[in-house]
Visitor: 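Here's a structure for you.
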Number of protein chains: 2
Amino acid sequence: MPRMAQDRQKQDRQKQGGAGKRVTMAAVGRIAGVSQVTVSRALSDPSKVSPETLRRIRDAIEATGFVPNAIAGALASQRSNLVTALIPSIINITYSAFIRTFSQRMREAGYQILLSETGFDPAEEESVIAAHLSRRPDAMLLTGIHHSARAKRQLLGAGIPVVEVWDITDTPIDLCVGFSHPEAARAVADHLVARGHRAAATVTASDERAGRRRDAFAARFTALTGHPVPDHDTRGPASIGAGRAGLAALLDNEAFRAGVVFCSSDLLAHGIMIEARARGLRVPRDIAVMGFGDQDFARVLDPPLTTVRIDRDRLGQVAADALLGRIACREDGQAISDIGFRIIDRGTA
Amino acid sequence: MPRMAQDRQKQDRQKQGGAGKRVTMAAVGRIAGVSQVTVSRALSDPSKVSPETLRRIRDAIEATGFVPNAIAGALASQRSNLVTALIPSIINITYSAFIRTFSQRMREAGYQILLSETGFDPAEEESVIAAHLSRRPDAMLLTGIHHSARAKRQLLGAGIPVVEVWDITDTPIDLCVGFSHPEAARAVADHLVARGHRAAATVTASDERAGRRRDAFAARFTALTGHPVPDHDTRGPASIGAGRAGLAALLDNEAFRAGVVFCSSDLLAHGIMIEARARGLRVPRDIAVMGFGDQDFARVLDPPLTTVRIDRDRLGQVAADALLGRIACREDGQAISDIGFRIIDRGTA
DNA sequence: GTGAAAGCGCTAACAG
DNA sequence: CTGTTAGCGCTTTCAC
């Protein structure tokens, strides 16, 4: 900030009066007739302070509107009560829904969550990780299992519990909770072939995990049926519009005319249903659709969407518990949790 | 297998010094052969340090994996470079989409965002505000204009810039950017009546602002047509499923048989389209639908959804700029910004 | 049950 | 250009 602006700001804050001096524990103590430490104790463990003193301190806090300075507390105690989380996208319900469960669980345990988006970009992630680490979080949540070497080093150096979610690996940085994407995709291929499908295509959003599902699906489907699996890459985030465009492209290219489309998300699948209907094609008779994620709308579409359920709430919960366990130094909890997946057979495939 | 990975992990942490000594500026300085302040300067303003010294410091940082301690920095400088934001729901795209724009803008200016949900509950909001204030943010964003008296007092006492978004008032705490919900709702009523609609109903999610829109809409529509406007309250968050259930309830109650349904969100409107079609009703011939929000899917539905557009990106941008302006002490920026709304006429009403 | 003293790791003056 | 000296507002530890 330019020097002048800074000076002016200082003056303004002082003029504000109420804002000039923020209330400190020392000030509260002065009013209550005790020392600063006693105020600290009254807040952190009231039982260590006599009832009478406690009352005076509480009155003083109320009168001054004192709000403790967590920054100073964190510096002194070396505990920030902060947990940071990185997700690819905040507007993608897949991630935001499980972050909500995770946050709630952590908040109940007294932690606040610092959340950032990384936008599916490893370089971006690296810089965000460093920024987060500078806040000295007590633990950290990362999405996915691929991180730059530098980021891993810093994470290890931080000496805090780290949980990687939404994927699974034998070699996590620390903790890991998720499921195997290739395995899920192969299960989908097996399922669709068992149901009699002999032609398939995929529509896939820009997401490394989605890409691995597509590859595993195509490999298995082709192995089983001998037919290639054309793919449409949305080159962007999943959306209903991208799904419509995806089916349109597949059909117009004549790479695909009928069969089942396996999508990397329910949103895409929904778009495919709309596009199919707009073209006078019947779902699932002409075009069958398989989603991924089992978002809340999947069951209320018409026909209801066949998809793969990932228990996001459980994922958030298990991730939080794993971290909490590590923080409490219970090293006994298992480091790797596979929460699995489940094919939900409904009306579109 | 987990066991081995776990053991390996444990060793790694111990070797790393686990909870051991984190690298400090003093340590980096020692290695580079300079004092701690010089390291600080090298980081905050490299031009103040000789090139040769800078090189040695950078090498030392690289070698040690040093990550600056923002906690200590914040305590010393009285600037946290943290901005906190409260939104009702993280999984509601309405809010998460604009938070993304806001965050990006703030990040470019060097701020990190601490985000929390308040879940539409004022009491919850109050406690979250206090928790956020304890982190000594440099600014704060609040959703809506209704806050508890205690919360307002603490906010004022904090002496930081505060912006209230998604609504508008003549008496903001500090800054305010949004639009008038009753005004938007009345404009919708005028528009629908002008298009010939004489019967209307509403489907409304649990959200104070949505409720105010419904009330203003019903009052205007009735004043214009003489007909009452039945409402279905979803008693919960907006969703496609809630929209379907809403139309079903309206129709089954016989409070409503044909006409236009004004929804508090596009998601609800989408559900209504699905339910109407499932019942063999034509949209918009039998049931017309008006959404709210103009989410990305609105234009790709079939028929495309008529709705009200709120420029969320602009909202996020203006909110960020307002805050940044205040932080830089440019008191000239206007305190209240009305970003307006726009009726987007498409195929459903 | 309460207080005094000693930092936590950094930034902000002020010297040199 | 670089170093020294003071804190920032708490928690911790040790006395009393």
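What you see is a predicted model; the values in this text were computed from it and never measured. Residue numbers begin at 1 in each chain, while the letters A, B, ... track the order of the sequences.
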Visitor: By nearest nucleotide on DNA chain C, pick out whichever of B/V67 and B/R41 is the more 5' one.
Guide: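 With B/V67 and B/R41 compared, the 5'-side residue is B/V67.
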
Visitor: Specify the separation, in whole Å, of atom CD1 of B/I71 and atom P of C/dC10.
Guide: 11 Å

Visitor: What is the distance from CG of A/L43 to C1' of D/dT12, rounded to the nearest Å?
Guide: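 After rounding, the gap between these two atoms is 16 Å.
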
Visitor: Looking only at the side chain of A/N69 (C-beta and beyond, no hydrogens), which of the listed nucleotides D/dG3, D/dC8, D/dC10 gets closest?
Guide: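 So the nucleotide nearest the side chain must be D/dC10.
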
Visitor: Could you check whether B/V37 gets within reach of a base, just the sugar-phosphate, or nothing at all, counting any heavy atom under 4.0 Å?
Guide: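 Base contact.
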
Visitor: Does D/dC10 have its OP1 or OP2 closer than 4.0 Å to a side-chain nitrogen or oxygen of A/S40?
Guide: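 So the side chain of A/S40 is outside the cut-off, no N or O lying under 4.0 Å from OP1 or OP2 of D/dC10.
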
Visitor: Expressed in angstrom and rounded to an integer, what is the separation of A/L54 atom CG from C/dT2 atom C1'?
Guide: 14 Å

Visitor: Would you say D/dT4 has OP1 or OP2 under 4.0 Å from some side-chain N or O of B/S35?
Guide: no

Visitor: Can you identify which nucleotide, out of C/dC10, D/dC8, C/dT2, has its nearest atom closest to the B/Q36 side chain?
Guide: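 Nearest to the side-chain atoms of B/Q36, counting from C-beta on, is C/dC10.
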
Visitor: Would you say B/Q78 places a side-chain N or O within less than 4.0 Å of OP1 or OP2 belonging to C/dC10?
Guide: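 Answer is no, no contact under 4.0 Å.
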
Visitor: Hey, does the side chain of A/S50 come within less than 4.0 Å of C/dT2's phosphate (OP1/OP2), counting only N and O?
Guide: yes

Visitor: Between C/dC8 atom P and B/M25 atom CE, what is the distance in whole Å?
Guide: 15 Å

Visitor: Check B/L43, B/V28, B/L54, B/V49 against B/T38 for a side-chain contact (heavy atoms from CB on, under 4.5 Å) and give me the one that passes.
Guide: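 When B/L43, B/V28, B/L54, B/V49 are each tested with B/T38, the side-chain contact (heavy atoms from CB on, under 4.5 Å) holds only for B/V49.
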
Visitor: With a 3.5 Å distance limit and no angle check, can you tell me whether B/T169 reaches the backbone of B/P172 through a side-chain donor-acceptor pair?
Guide: no

Visitor: Between B/E164 and B/K152, is the closest basic N to carboxylate O distance under 4.0 Å?
Guide: no

Visitor: Could you check which of C/dA12, D/dG7, D/dG9 has an atom nearest any side-chain atom of B/S77?
Guide: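 Between C/dA12, D/dG7, D/dG9, the one nearest the side chain of B/S77 would be C/dA12.
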
Visitor: Whole Å only: how far is the CZ atom of A/R79 from the P atom of D/dG9?
Guide: 22 Å

Visitor: Heavy atoms only, 4.0 Å cut-off, all strands: where does B/S44 land among base, sugar-phosphate and nothing?
Guide: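 If one applies the 4.0 Å heavy-atom cut-off, B/S44 turns out to touch nothing in the nucleic acid.
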
Visitor: Is the shortest side-chain N to carboxylate O distance from B/R150 to A/E62 below 4.0 Å?
Guide: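 A salt bridge is present here (some side-chain N lies under 4.0 Å from a carboxylate O).
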
Visitor: Rounding to an integer number of Å, can you tell me how far B/R56 CZ sits from D/dC1 P?
Guide: 14 Å

Visitor: Between B/P51 and B/R136, name the one whose nearest nucleotide on DNA chain D is closer to the 5' end.
Guide: B/P51

Visitor: Tell me the interatomic distance from B/I61, atom CD1, to C/dC10, atom P, rounded to whole angstroms.
Guide: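 Going from B/I61 (CD1) to C/dC10 (P), I get 10 Å.
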
Visitor: Phosphate oxygens OP1/OP2 of C/dG1: is one of them under 4.0 Å from a side-chain N or O of A/T38?
Guide: no

Visitor: Could you state the atom-to-atom distance from CG of B/L75 to C1' of C/dT11 in whole Å?
Guide: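 Result: 10 Å.
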
Visitor: Just one of A/D138, A/I160, A/L175 clears the side-chain contact (heavy atoms from CB on, under 4.5 Å) bar with A/L323, so which one?
Guide: A/L175

